[in-house]
Amino acid sequence: MRATRIRQRRVTMSALNPPARGLRIALLALAALTCVPDTATMAAAGELPAIASRQRAETKSFTDSEIVEGFLKTAFGAEYHLAGRVDRIRKFDGPVRVFAESDRADRKAQLAKVVADIGRRVQHLDIAMTDSSEAANVRVKLVRDRDLFRTISSFYGAEKAREIRASLDPQCLSGFRKNDNFEIEHSDVILTVDNGDFTFLDCAYEELLQSLGPINDTTSVPWTMFNDNVSMGYFDVYDQYILNLLYDPRIKAGMTVPEVKAVLPDVLADVRAWVKRVNDLKE
């Protein structure tokens with residue numbers, strides 16, 4: 001199966017691609033992104049005023065039920081879905097290697113920092129950059145905004161690309177192909193490079209994280225970047241809970257909601273300890 005998600009100017013939906021190479025395609029998720037003008041051109045996320053102000057105001061204390069609600073709402077389901085089951089856990093089952101295709105050294109450097117940050121903050125996820133496209137199971141294509149439609153067409157076909165552009169005016173895209181065991185086998189991410197540092201980082205974090213499995217956006221959880229009304233530009237504490245729950249070894253690809261709920265209490269206790277330590281939380 002293959003799943004794809006596109007991030008756009010502040011609306012999210014998902015749609016299904018036709019079968020490819022004998023694999024059923026799971027879902028296509030489209031998400032919107034509000035353009036936020038940069039006030040600086042600094043490369044590191046924490047140096048951008050737009051991000052620093054969000055970090056200062058960030059909520060970092062959550063009840064168990066608040067964390068579980070967000071996890072179940074993002075790890076299961078799809079906002080707009082044409083075919084394939086979306087009632088199971090979807091995740092990589094092994095190392096994740098990310099290859100960036102671009103001639104923009106600055107954006108590749110920013111992407112590498114994003115990947116390294118994700119790797120530091122998700123305990124059981126082995127994720128890193130690779131210089132080899134053949135060795136990668138996540139491919140990130142960095143394109144100019146004017147080339148985005150052509151790139152989407154090359155991925156999904158001209159008809160689907162026209163449908164996406166007409167209804168959603170996308171800025172970036174991510175997707176994955178999964179097998180019959182709901183294990184993600186390969187992800188593709190398309191990011192635009194010329195819409196400013198905040199937009200690039202905001203897209204990069206959300207699309208990379210969603211291409212790892214939590215593909216369902218929700219407007220009912222106010223703390224997650226997987227909410228169309230929320231722009232982060234960094235890996236916030238709440239979403240660290242979601243990704244650490246997803247990649248705990250006790251949460252397996254293909255699990256149903258009841259199966260996940262049976263192990264969540266023990267998993268959440270361990271995830272809380274990890275997130276507290278890696279973020280130096282005082283609670």
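All values derive from a computational prediction rather than experimental measurement.
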Student: Check whether Q210 reaches the backbone of E207 with its side chain - one donor and one acceptor, N or O, closer than 3.5 Å.
Tutor: no
Student: Closest approach of F198 and A50, non-hydrogen atoms and distance?
Tutor: CD1-CB, 3.7 Å
Student: Quick one about E185 and N137 (side-chain donor to acceptor, distance below 3.5 Å, no hydrogens or angles considered), yes or no?
Tutor: no
Student: Side chain of E183, backbone of R90: donor and acceptor closer than 3.5 Å?
Tutor: no
Student: For the NZ atom of K108 and the NZ atom of K113, what is their distance to the nearest 0.5 Å?
Tutor: 15.5 Å
Student: Of all the heavy-atom pairs spanning A262 and P265, show the shortest one and how long it is.
Tutor: O-CD, 4.1 Å
Student: Is a salt bridge present between R54 and D236, judged by a nitrogen-to-oxygen distance below 4.0 Å?
Tutor: no
Student: Taking the side chain as every heavy atom from C-beta outward, state whether L209 and M225 have any atom pair closer than 4.5 Å.
Tutor: yes
Student: Under 30°, 30 to 60°, or over 60°: which ring-plane class applies to Y238 and F62, parallel, tilted or perpendicular?
Tutor: perpendicular
Student: Would you give the length of the straight line joining atom CZ of R104 to atom CZ of R144, rounded to the nearest 0.5 angstrom?
Tutor: 10.5 Å
Student: Can R250 and L264 be said to form a side chain to side chain contact (heavy atoms under 4.5 Å, CB included), step by step?
Tutor: CA-CA 9 Å; R250 290 162 287 188; L264 266 182; over 6 Å; no
Student: Less than 4.5 Å apart, side chain to side chain, heavy atoms only: is that true for E206 and M232?
Tutor: no
Student: Are a donor atom and an acceptor atom from the side chains of D202 and T199 found within less than 3.5 Å of each other?
Tutor: no
Student: Output yes when a side-chain donor or acceptor of S211 lies under 3.5 Å from a complementary backbone atom of S187, and no otherwise.
Tutor: no
Student: Rounded to the nearest 0.5 Å, what's the gap from CG on L125 to CZ on R120? Could you check?
Tutor: 13.0 Å
Student: Short question: side chain of D239, backbone of F235 - any donor-acceptor pair under 3.5 Å?
Tutor: no
Student: Would you compute the distance between atom CG of L243 and atom CG of L212 and round it to the nearest 0.5 angstrom?
Tutor: 6.0 Å
Student: Check whether any side-chain N or O of Y234 sits under 3.5 Å from a backbone N or O of V114 as a donor-acceptor pair, and report yes or no.
Tutor: no
Student: Quick one, Y247 and I251 - any side-chain contact, counting heavy atoms below 4.5 Å?
Tutor: no
Student: Quick one: does any side-chain atom of N179 pair with a main-chain N or O of F182 as donor and acceptor, under 3.5 Å?
Tutor: yes
Student: Taking the six-membered ring of F76 as reference, does the cationic atom of R88 (NZ for Lys, CZ for Arg) lie under 6.0 Å from its centre and within 45° of its axis?
Tutor: no
Student: Between T130 and S132, is there a side-chain donor-acceptor contact under 3.5 Å, judged purely by atom types and distance?
Tutor: no
Student: Are I190 and V143 close enough that some pair of their side-chain heavy atoms sits under 4.5 Å apart?
Tutor: yes
Student: Side-chain contact test, heavy atoms from C-beta onward, threshold under 4.5 Å: evaluate it for F99 versus E101 and give yes or no.
Tutor: yes
Student: Side chains of L191 and V140: does their closest heavy-atom pair fall under 4.5 Å?
Tutor: yes
Student: Can you check side chain to side chain contact (heavy atoms under 4.5 Å, CB included) on K252 and E259, steps first, answer last?
Tutor: CA-CA 9 Å; K252 301 183 184 301; E259 290 171 336; over 6 Å; no
Student: Check I242 against P214 and note the closest heavy-atom contact, atom names and distance.
Tutor: CG2-CB, 4.3 Å
Student: Could you please spell out the steps behind the side chain to side chain contact (heavy atoms under 4.5 Å, CB included) verdict for D270 and Q123?
Tutor: CA-CA 10 Å; D270 292 343; Q123 184 176 16; 5.9 Å; no
Student: Side-chain contact, heavy-atom cut-off 4.5 Å: D87 with V257?
Tutor: no
Student: Passes side chain to side chain contact (heavy atoms under 4.5 Å, CB included), V122 versus I127? Steps please.
Tutor: CA-CA 9 Å; V122 183; I127 184 172; over 6 Å; no
Student: For the side chain of R97 and the backbone of M129, is there at least one donor-acceptor N/O pair under 3.5 Å apart?
Tutor: no
Student: Is there a side-chain contact between Y205 and D117 (heavy atoms, below 4.5 Å)?
Tutor: yes
Student: Does V271 offer a backbone N or O that forms a donor-acceptor pair with the side chain of D248 under 3.5 Å?
Tutor: no
Student: What is the minimum heavy-atom distance between F200 and V193, and which atoms define it?
Tutor: CD1-CA, 4.4 Å
Student: Kindly give the heavy-atom pair with the smallest separation between D197 and Q110, and that separation in Å.
Tutor: OD1-NE2, 3.3 Å
Student: Would you check if there is a donor-acceptor pair between the side chains of S102 and K141 at a distance under 3.5 Å?
Tutor: no
Student: Could you grab the distance from atom CD1 of I184 to atom CD1 of I89, nearest 0.5 Å is fine?
Tutor: 10.0 Å
Student: Going from OG1 on T224 to CZ on F71, what distance comes out if it is rounded to the nearest 0.5 angstrom?
Tutor: 12.0 Å
Student: If we count only N and O atoms by modelled type, under 3.5 Å, do the side chains of R121 and N279 hold a donor and an acceptor together?
Tutor: yes
Student: Look at D194 together with R107 and state whether they make a salt bridge at an N to O cut-off of under 4.0 Å.
Tutor: no
